There are 2 protein chains.
Amino acid sequence: MVNIRDVSKKAGVSVATVSRVLNNKDVKKETFEHVMSVMEEMKYKPNSVARSLSKKQTNTIALIFPVVSNPFFPKLASSIENEAHEKGYKVILCNTDDNPEKLRNFIDSINDGFADGVIFSSHLLDEAGLNTLKNSGIPVVSIDRNNFNNEFSSISVNNKMGGGLATEHLIEIGCKKIGHLRGPEDEITATNRYWGYRSVLKENGGMDPSLVALGYYTVEGGYQGMKELFIRHPDIDGVFAANDLTAIGAMKAAYEWNRKIPDDLSIVGFDGIDMVRYMIPSITTIQQPINEMGKLAVNELIRKIEEEDEEINNYELDVRLIQNDSTLR
Amino acid sequence: MVNIRDVSKKAGVSVATVSRVLNNKDVKKETFEHVMSVMEEMKYKPNSVARSLSKKQTNTIALIFPVVSNPFFPKLASSIENEAHEKGYKVILCNTDDNPEKLRNFIDSINDGFADGVIFSSHLLDEAGLNTLKNSGIPVVSIDRNNFNNEFSSISVNNKMGGGLATEHLIEIGCKKIGHLRGPEDEITATNRYWGYRSVLKENGGMDPSLVALGYYTVEGGYQGMKELFIRHPDIDGVFAANDLTAIGAMKAAYEWNRKIPDDLSIVGFDGIDMVRYMIPSITTIQQPINEMGKLAVNELIRKIEEEDEEINNYELDVRLIQNDSTLR
DNA sequence: ACATTATATGTAATCGGTTACAAGTATAAT
DNA sequence: ATTATACTTGTAACCGATTACATATAATGT
């Protein structure tokens, strides 16, 4: 592979000048063009590793994400990767599904200098992991997950509002007994969605803890949780599932129990993954602005990297209800 | 950040010795332990960029993938990332959905030295892109996509066999008129799946070109294609969809046309994405061994990188039929 | 014409590691 | 005791860029 010295020799200038051409610094126009043509001719590509070493910047973002279990995450990852590429950054992936040890490994190596910053979302990240990240000294943005101690910038959505929207919608279309399939108890997003549901039902005098079952943010969990709700409340006629996968599980349960959707049971999910449109009937959902979230995360991170800005910002984006057939009465 | 010289000073040895400790070369046991403890104490982490520069190895794989449109790809990406991590490699993502220019950009920068090898699957990669890859001189493995000229190692599945299995299954359960929703005409996987279908139907005397419609590997395509088939053949009672998304689209069409699945219309998909289990009824599919494919791709690539082995291997894995409710007669 | 300033380029140190080679020390062999 | 051999360690060049500083040249002012 041809390097900067080869170019400098052939062009009859110093390596510094070649470097200046590469970085658009002050060089005489003729020199610039001459060096450029030599680079062209020799098919020279500056080595990005060497560049990173001297600049102490890799233009790389590490993305710590649960990637497969829920299609929401690949979509978010994709929007992050797109925006990063747009801004000249590469993205290194660490998908953490169910593998805390792998995650620990990755986190431990994060301040090797290979990444300029981190975007993370894994709920697998425990206190120790968070501390390692914090102490690494590299900029971090958390996404889809609040951080109580305000240690990182964060991008999240108004989960409580979403839970409220979903529940209000179910009330509006005439549901009398509305259940909730909540996400994991240790996830703040799940808790907020639950609080949105809860506060709306309280206002309307219909809150009852037995109307809430765990759906664990999974299809299987939603299926099991919905069956529990059917047993506890045979007359349940609406359910707010904490995410779309859970809603799909609830649909499967409803089908087994011979409840017609939306007439016997209306369902609202959360996230806005493609799948909700493919189900029959299609599922009403609370849509998260995935693209905006990804862009915001990347730009906030890059701001921190390039401006060496320690300021912590917490963005909370709004969600909106997408009505589909599962609540069409 | 503490570097190797800081450690060498504090430990009272040369940087070479510290480096030897890092690389498990010959050092006296006591020295080894002493240096190790100093590194521990100073919380020293070797800088991976510097390391990459001198070793001329980044331990990084570039992954060129369509990542979001079809859940099959995130899953495959995930299995690749897992195996790579297992082997001490990082994965840089380039998702190409509908963005040929981005892809070109990425390809052009691939021999900057930031990646040791490439795994790619995008059908967006045109002749020019393939050439750039080929000329880059870095090891490449193609996945889920044959390469006629045998320029890269490849991992694929026996698509023709899959198409055959699907079609035979439909015949076995008693379908009399079996259609096919094929993938894009320029994709070799789609063509092979079609040939599997075609050869089985020919053997059974039931092949008729009008039984084939384009499904484009998408939900919408499957939906439109299925409607075409209903119009052309009102008595169609079985369909092999070239992938699971297409099968889902076909299901939606069947629902609109009031055909009961599986009794009026039996459906078989291809890929084995989670979604097929969530649909009601669940969809019979030809499952690809995603994990094996990912592992194989990574290991083949690493072999090429580390052994500087130019040998080209083409692996073709078997698929298997997973029977679900959409063909349960 | 000469001093001053701006512009363009080169020299060499640097980023943080690895490693070929040299040199020193300990152990075995004669 | 002396030489050969194995084992450890250090010195310094190197990977391929960037950049502070020095220097040379051109442009401007008086």
Side-chain angles (χ1 to χ4, degrees), chain A residues 1-36 38-39 42-60 88 90 109-116 136-138 306, chain B residues 1-36 38-39 42-60 88 109-116 137-138 306:
Chain A
M1 203 79 275
V2 28
N3 65 24
I4 199 171
R5 271 160 255 269
D6 301 330
V7 174
S8 89
K9 253 176 236 159
K10 184 144 192 171
V13 297
S14 73
V15 291
T17 298
V18 179
S19 174
R20 286 188 191 104
V21 169
L22 286 174
N23 293 281
N24 273 310
K25 299 272 178 66
D26 294 326
V27 267
K28 202 164 41 168
K29 197 160 167 253
E30 305 139 48
T31 320
F32 185 91
E33 278 160 7
H34 173 229
V35 173
M36 279 299 262
V38 172
M39 296 196 307
M42 302 180 81
K43 290 192 194 310
Y44 168 69
K45 287 268 175 58
N47 180 300
S48 65
V49 176
R51 212 164 197 180
S52 296
L53 180 59
S54 55
K55 284 212 173 153
K56 290 167 165 294
Q57 251 235 35
T58 56
N59 280 277
T60 300
K90 295 186 276 288
S109 74
I110 214 119
N111 51 348
D112 278 7
F114 75 85
D116 296 334
S136 73
I138 88 175
E306 298 186 349
Chain B
M1 202 80 278
V2 29
N3 65 23
I4 198 172
R5 273 158 250 270
D6 300 330
V7 173
S8 89
K9 254 176 234 159
K10 184 144 192 172
V13 296
S14 73
V15 291
T17 299
V18 179
S19 175
R20 287 189 191 102
V21 170
L22 286 174
N23 294 282
N24 274 308
K25 299 273 178 65
D26 294 325
V27 267
K28 202 164 43 169
K29 197 161 169 252
E30 304 139 49
T31 320
F32 185 92
E33 278 159 6
H34 173 228
V35 173
M36 278 300 262
V38 172
M39 294 195 311
M42 301 180 81
K43 290 192 195 310
Y44 168 70
K45 287 268 176 57
N47 180 301
S48 65
V49 176
R51 215 166 194 177
S52 295
L53 180 59
S54 56
K55 285 212 171 150
K56 289 167 164 297
Q57 250 235 33
T58 57
N59 280 276
T60 300
S109 74
I110 215 118
N111 52 346
D112 277 7
F114 75 85
D116 296 335
I138 86 174
E306 297 186 351

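Sequence lines set the chain letters: A, B, ... in the order given, protein chains first and strands last, and positions in each chain run from 1. Heavy atoms only: backbone and side chains are in, while hydrogens, waters and symmetry mates are out. Note that the coordinates shown come from a computational prediction; the quantities given were computed from them, not determined experimentally.
Looking at every heavy atom in both residues, B:I4 comes nearest to B:V15 through CD1-O, 3.7 Å. Summarising the geometry of B:I138 relative to B:A115, their closest heavy-atom pair is CD1-O, 3.9 Å, with the distance given to 0.1 Å.
Rounded to whole Å, the distance from NZ on A:K45 to P on D:dC15 is 21 Å. Going from atom CZ of B:R51 over to atom P of C:dG17 covers 8 Å, rounded to whole Å. Summarising the geometry, the separation between CD on B:E30 and P on C:dA26 is reported as 12 Å, rounded to the nearest angstrom. Separating the NZ atom of B:K55 from the P atom of C:dT18 is a distance of 6 Å, rounded to the nearest angstrom. Separating the CG atom of A:N59 from the C1' atom of D:dA17 is a distance of 14 Å, rounded to the nearest angstrom. Across the protein-nucleic acid pair, B:N47 atom CG and C:dT18 atom C1' stand 13 Å apart, rounded to whole Å. Atom CD1 of A:I4 and atom C1' of D:dC14 are 16 Å apart (whole Å). Between the CD atom of A:Q57 and the P atom of C:dG16 there is a distance of 15 Å, rounded to whole Å.
Side-chain proximity of B:V15 to the nucleotides D:dG16, C:dG17, D:dA12 is greatest for D:dA12.
Heavy atoms of B:S52 sit nowhere under 4.0 angstrom from any nucleic acid atom. Within the nucleic acid shown, A:K29 has no heavy atom closer than 4.0 Å to any nucleic acid atom. At the heavy-atom level, A:F32 lies nowhere under 4.0 Å from the strands shown. Residue A:V49 is classed as having no contact, given no heavy-atom separation below 4.0 Å to the nucleic acid.
In this structure A:K10 satisfies the salt bridge (charged side-chain N to carboxylate O under 4.0 Å, His left out) test together with A:E41, sequence neighbours excluded. Looking at residues two or more places apart in sequence or on another chain, you find no side-chain contact (heavy atoms from CB on, under 4.5 Å) involving A:K56.
A distance-only check finds a donor-acceptor pair linking the side chain of A:N23 to the backbone of A:S19 [under 3.5 Å]. Of the possible donor and acceptor atoms, none in the side chain of A:D116 sits under 3.5 Å from a partner among the backbone N and O of A:Q57.
For the helix from C:dA1-D:dT30 to C:dT30-D:dA1, the rotation axes defined at the first and last 5 base pairs enclose an angle of 40°, given to the nearest 10°.
Where B:A16 and B:K56 each meet DNA chain D at their nearest nucleotide, the meeting point lying more 5' is that of B:A16.
Atom NZ of residue B:K9 and atom OG of residue B:S14 lie 13.0 Å apart, to the nearest 0.5 angstrom.
Side-chain nitrogen and oxygen atoms of B:S14 include at least one within less than 4.0 Å of the OP1 or OP2 phosphate oxygen of D:dG10. At the phosphate of C:dA26, neither OP1 nor OP2 sits under 4.0 Å from any side-chain N or O atom of B:K28. When the side-chain nitrogen and oxygen atoms of B:T17 are compared with OP1 and OP2 of D:dG10, one or more of them lie within a distance under 4.0 Å. Close to C:dG16, at under 4.0 Å from its OP1 or OP2, lies a side-chain N or O of B:N3. Residue B:T31 places at least one side-chain N or O closer than 4.0 Å to OP1 or OP2 of D:dT9.
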How far apart are the C-alpha atoms of A:S109 and A:F114, what are their side-chain angles, what is the distance that settles it, and do they pass the side chain to side chain contact (heavy atoms under 4.5 Å, CB included) test?
-> CA-CA 9 Å; A:S109 74; A:F114 75 85; 4.0 Å; yes
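Judged by distance alone, with hydrogens and angles left aside, A:R5 brings a side-chain donor or acceptor within reach of the base of D:dG16, the pair sitting under 3.5 Å.
For the contact set between residues 18-26 of chain B and DNA chain C, defined by any heavy atom under 4.0 Å, the members are B:S19, B:R20, B:L22, B:N23, B:K25.
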Side chains of residues 42-49 of chain A: which donor-acceptor partners sit under 3.5 Å, not counting sequence neighbours?
unit_1: A:K45; atom_1: NZ; unit_2: B:D108; atom_2: O; d: 2.9
unit_1: A:K45; atom_1: NZ; unit_2: B:N111; atom_2: OD1; d: 3.4
unit_1: A:N47; atom_1: OD1; unit_2: A:V49; atom_2: N; d: 2.7
unit_1: A:N47; atom_1: OD1; unit_2: A:A50; atom_2: N; d: 2.9

Do any side-chain atoms of residues 27-34 of chain A form donor-acceptor pairs under 3.5 angstrom with protein atoms, and if so which ones, sequence neighbours left out?
none

